[in-house]
Student: 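Have a look at this one before I ask anything.
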Amino acid sequence: MNLKQYCKPGKIRIRTKSGRVIIGTLWQYCYPEDNEDIGKESLLIDAPDGNCYDLCEDDIDEIENLDEDKVTA
């Protein structure tokens, strides 16, 4: 999945491969080289519950920008 297409901040809904749904604001896109320990791209999501989630590309099943179409891994 190409997470780079989501590097603009905005509201997003993510369903993880474990079935968890996270809705929040996309805070940052992280390049694979920025995640030196794992070498994978990821998205940082600021959720209304006060948590910040760092989700790697292989953790994500589906991404939906609340103003755009769904993207499935």
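Remember, it's a predicted structure, so these values are computed and weren't measured experimentally. Only heavy atoms go into these numbers, but all of them, side chains included; no hydrogens, no water, no symmetry mates.
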Student: Sorted by first residue and then second, give each salt bridge (Lys or Arg N to Asp or Glu O under 4.0 Å) pair with at least one member in residues 39-53; sequence neighbours left out.
Tutor: Lys40-Asp58
Student: Thr16: what forms a side chain to side chain donor-acceptor pair (under 3.5 Å) with it, not counting sequence neighbours?
Tutor: Ser18
Student: Going hydrophobic residue to hydrophobic residue with side-chain gaps under 4.5 angstrom, can you get from Tyr53 over to Ile63?
Tutor: yes
Student: For Glu36, look at atom CD and say whether over 12 heavy atoms of other residues, nucleotides or ligands are found less than 6.0 Å away.
Tutor: no
Student: State which residues pass side chain to side chain donor-acceptor pair (under 3.5 Å) with Asp34; sequence neighbours excluded, sorted by chain then number.
Tutor: none
Student: Do the side chains of Glu62 and Arg13 get close enough for a salt bridge, i.e. N-O under 4.0 angstrom?
Tutor: yes
Student: Identify, with sequence neighbours excluded, every residue that meets side-chain contact (heavy atoms from CB on, under 4.5 Å) alongside Asn35.
Tutor: Cys30, Asp37, Ile38, Ser42
Student: Just wondering, do Ile12 and Leu66 contact through their side chains at under 4.5 Å, heavy atoms?
Tutor: no
Student: Can you name the closest pair of heavy atoms from Gly24 and Pro48 and give their distance?
Tutor: CA-CD, 4.1 Å
Student: Is a salt bridge present between Asp61 and Lys17, judged by a nitrogen-to-oxygen distance below 4.0 Å?
Tutor: no
Student: About how many Å separate CD of Glu64 and CD1 of Ile14, when rounded to the nearest 0.5 Å?
Tutor: 11.0 Å
Student: Apply ring-ring contact (aromatic ring centres under 6.0 Å, His included) to Tyr29 and list each qualifying residue two or more places apart in sequence or on a separate chain.
Tutor: Tyr31
Student: Distance from Leu3 atom CG to Leu43 atom CG, nearest 0.5 Å?
Tutor: 4.5 Å
Student: Between atom CD1 of Ile45 and atom OG1 of Thr25, what is the distance when rounded to the nearest 0.5 Å?
Tutor: 8.5 Å
Student: Compare every heavy atom of Leu44 with every heavy atom of Leu26, then report the nearest pair and how far apart it is.
Tutor: CD1-O, 3.6 Å
